[in-house]
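Just below is one structure, and these are the notes that go with it.
Order of appearance sets the numbers: ligands from 1, and atoms from 1 within every ligand. Count residues from 1 along the sequence.
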Amino acid sequence: MNTHSRKKPRGVLIAGNWKMNHGVAETEGFFSEFIKATSNLNKSDSSELGVCVIPPLLRLEQASGLAKKSPFPIAVAAQNVHWEKKGAFTGEISGPMLKELGVDWALVGHSERRQFFGETDETARKRTESLLEQGFRVILCIGESRAEREANKTTEILTRQLLGALPAAGQGAAGFLDGRLVLAYEPVWAIGTGLTASPEQAEEAHQVIRKLLWDRFGLEAAARTQILYGGSATPENADALLSCANVDGLLVGGASLKAESFAKLVAAGAKVIAL
Ligand code: 13P
């Protein structure tokens with residue numbers, strides 16, 4: 001087993017959320033280019049450096065097949081999953097359906113789901129609880145809007161969204177303790193806007209989140225949980241963001257769509273774990 005990087009005790013995770021982008025040909029092209037561009041990565045680093053691609057639902061099967069061709073492990077995650085395992089929920093998909101495709105990672109509570117599709121803290125909690133119970137790794141997204149930040153409500157919003165979406169202490173706690181829960185701090189004002197949180201703003205918010213985990217679930221959960229930053233992350237600002245002590249990786253939208261820039265973001269992750 002590798003000794004963990006002193007700078008990054010939880011390793012680094014670089015995740016690319018494609019949102020509603022990339023058809024069949026683009027997915028094929030992305031993986032063949034990305035696998036070439038990351039051929040210098042050392043497989044033995046994969047206990048510290050995680051790479052995850054989050055394509056649209058219809059591309060999950062193709063993406064998980066293509067990901068298997070990569071010598072360096074690439075996880076594939078779903079952008080949304082229902083909390084029930086089956087039933088009369090037209091238009092939805094379930095955890096067991098994803099598992100049949102070999103997909104056992106899922107994003108929960110993305111701000112676009114909250115803004116456009118009625119996701120609430122309560123539905124995010126149902127998804128998180130159910131998916132952790134089903135053995136998934138969950139990337140739970142939280143973050144304040146511009147108006148909330150300007151009104152000095154960032155900590156209040158992060159507290160409400162985080163505690164509202166996590167299983168009560170005791171239940172589902174295994175998901176925290178074994179590191180299967182990943183959090184993503186995604187300030188809404190930074191998503192797709194080209195405005196990135198400064199490293200200081202990101203670190204401050206990540207500290208708030210880690211302290212909340214500590215207060216509510218204990219030191220071990222707080223120490224183990226990776227907290228990613230998301231919001232206009234690019235190869236240009238990745239080094240500065242990843243140098244923050246409490247930033248354990250990046251959740252990337254726009255800059256994850258092109259293999260070349262996503263590979264650069266992964267290279268930034270590899271660089272910081274080598275320190
Ligand atoms: P951008 O990187 O395009 O700002 O998107 C961030 C995001 O929403 C990732 O989930």
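Under a 4.5 Å side-chain heavy-atom cut-off, the cluster of Ile, Leu, Val, Met, Phe, Trp and Tyr residues that includes Leu251 is completed by Leu13, Ile54, Trp105, Leu107, Ile139, Val182, Leu228.
Taken together through direct or relayed side-chain contacts under 4.5 Å among Ile, Leu, Val, Met, Phe, Trp and Tyr, Phe31 and Leu49 form part of one hydrophobic cluster.
Here the closest non-hydrogen pair linking Thr193 and Ser232 is N-OG, 3.5 Å.
Listed by first then second residue, pairs satisfying side-chain hydrogen bond (donor to acceptor under 3.5 Å, both in side chains) with a partner in residues 131-149 read Ser130-Gln134, Glu144-Arg149, Glu144-Tyr185, Glu144-Trp189, Ser145-Glu148, Arg149-Tyr185, not counting sequence neighbours.
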I'd like the atom pairs linking ligand 1 to the protein - N or O on both sides, separation under 3.5 Å - with distances to 0.1 Å.
residue: ligand 1; atom: 2 (O); partner: Ser232; partner atom: N; Å: 3.4
residue: ligand 1; atom: 2 (O); partner: Gly253; partner atom: N; Å: 2.9
residue: ligand 1; atom: 3 (O); partner: Gly254; partner atom: N; Å: 2.8
residue: ligand 1; atom: 4 (O); partner: Gly192; partner atom: N; Å: 2.6
residue: ligand 1; atom: 4 (O); partner: Ser232; partner atom: N; Å: 2.8
residue: ligand 1; atom: 5 (O); partner: Lys19; partner atom: NZ; Å: 3.2
residue: ligand 1; atom: 8 (O); partner: Lys19; partner atom: NZ; Å: 2.8
residue: ligand 1; atom: 8 (O); partner: His110; partner atom: NE2; Å: 2.8
residue: ligand 1; atom: 8 (O); partner: Glu186; partner atom: OE1; Å: 3.3
residue: ligand 1; atom: 10 (O); partner: Asn17; partner atom: ND2; Å: 3.1
residue: ligand 1; atom: 10 (O); partner: His110; partner atom: NE2; Å: 2.9
residue: ligand 1; atom: 10 (O); partner: Glu186; partner atom: OE1; Å: 3.2
residue: ligand 1; atom: 10 (O); partner: Glu186; partner atom: OE2; Å: 3.0

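A 4.5 Å side-chain heavy-atom check between Phe117 and Asn80 finds every atom pair outside the cut-off.
Legend: residues meeting ring pair (Phe, Tyr, Trp, His ring centres under 6.0 Å) with Phe34, ordered by chain and number and at least two apart, are Phe30, Phe262.
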